[in-house]
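These notes are about the structure you will find just below.
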Amino acid sequence: MATIRGSMEDDDTDGPVDGINVTPLVDVLMVVLVMFILTATAQIAGIQVNLPKASSSVSLSKVKTKAISINNGGQVFLDAYPVTLPELEDRLRTEKALNPDFPVIVRGDAGVQYQKVVEVLDLLRRLDLSQVGLVTGKPR
């Protein structure tokens with residue numbers, strides 16, 4: 001008991017401070033980390049593609065939006081995962097059973113063969129999805 005009392009009395013001395021209080025710095029860093037995590041997860045999942053340009057566009061970005069991307073090699077991705085067309089149809093059919101009005105955006109690379117984009121659009125029409133959008137880049 002005398003040891004604890006003795007150490008408390010040492011803190012009350014008016015001598016120079018030999019340590020830095022890092023608690024406010026840790027608080028600020030935690031707030032910055034939380035802001036970074038929230039902004040990083042708010043983006044639409046997908047892969048990096050070179051988007052064609054359009055003069056006007058309508059945004060379909062929502063929380064449950066499914067992104068279908070077609071890269072320059074013609075490979076199809078659902079969100080960020082590569083899929084074949086039958087796999088894409090199965091996954092979209094499952095999503096439609098859970099949420100019939102979910103929006104879908106198609107992100108085709110500017111260099112991809114048009115036939116591949118048409119195949120994906122035909123698949124979306126067969127599934128009777130009504131909220132389909134084509135993503136384009138902004139004109140320069």
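Note that the structure is a prediction, hence the values are computed from the model and not measured.
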For the student: nearest non-hydrogen atoms of [X] and [Y], plus distance:
X	Y	value
Lys96	Leu127	NZ-O, 2.6 Å
Asn71	Gln75	OD1-N, 2.9 Å
Pro52	Gly108	CD-O, 3.4 Å
Asn72	Asp109	N-CB, 3.7 Å
Gln131	Asp101	NE2-O, 3.4 Å
Leu123	Leu92	CD2-CD1, 3.9 Å

Point to revise | Flag, side chain of Asn50 to backbone of Ala110, donor-acceptor distance under 3.5 Å | key: no
Exercise for review: In sequence, state the C-alpha distance, the side-chain angles, and the governing distance for Val104 and Thr65, and then conclude on side chain to side chain contact (heavy atoms under 4.5 Å, CB included).
Suggested key: CA-CA 6 Å; Val104 176; Thr65 300; over 6 Å; no
Check your understanding: Taking atom CD1 of Ile20 as the centre, does the number of heavy atoms from other residues, nucleotides or ligands within less than 6.0 Å exceed 12?
Key ->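 Counting other residues, nucleotides and ligands, CD1 of Ile20 stays at 12 neighbours or fewer.
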Check your understanding: More than 12 foreign heavy atoms under 6.0 Å from CD of Gln113: is that the case here?
Key ->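 Open.
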Practice item. Would you check if Ile70 and Arg107 make a side-chain contact, meaning some heavy-atom pair closer than 4.5 Å? Key: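 Sidechains of Arg107 and Ile70: no contact.
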Check your understanding: Would you say the side chain of Leu121 lies within less than 4.5 Å of the side chain of Val106, judging by non-hydrogen atoms?
Key -> yes
Review point. Taking NZ, NE, NH1 and NH2 as the nitrogens, is one of them in Glu89 or Arg93 under 4.0 Å from a carboxylate oxygen of the other?
Key: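 Judged by the 4.0 Å cut-off on N to carboxylate O distance, Glu89 and Arg93 do form a salt bridge.
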**Study point:** Candidate list Val132, Leu88, Ile105, Val83, test side chain to side chain contact (heavy atoms under 4.5 Å, CB included), partner Ile68, passing option
**Key:** Leu88
Review point. What's the verdict on side chain to side chain contact (heavy atoms under 4.5 Å, CB included) for Leu129 and Phe102, showing C-alpha distance, side-chain angles and the deciding distance?
Key: CA-CA 8 Å; Leu129 294 174; Phe102 72 97; 3.8 Å; yes
Review point. How long is the span from the CG atom in Asp90 to the CD atom in Glu87, to the nearest 0.5 Å?
Key: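 Going from the CG atom of Asp90 to the CD atom of Glu87 covers 8.0 Å.
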**Study point:** CA sep, side-chain torsions, deciding dist, call: Lys53, Thr136, side chain to side chain contact (heavy atoms under 4.5 Å, CB included)
**Key:** CA-CA 5 Å; Lys53 309 296 182 232; Thr136 60; over 6 Å; no
Check your understanding: Is it the case that one hydrophobic cluster holds both Tyr81 and Leu85, taking links as side-chain heavy atoms less than 4.5 Å apart, direct or via other members?
Key -> no
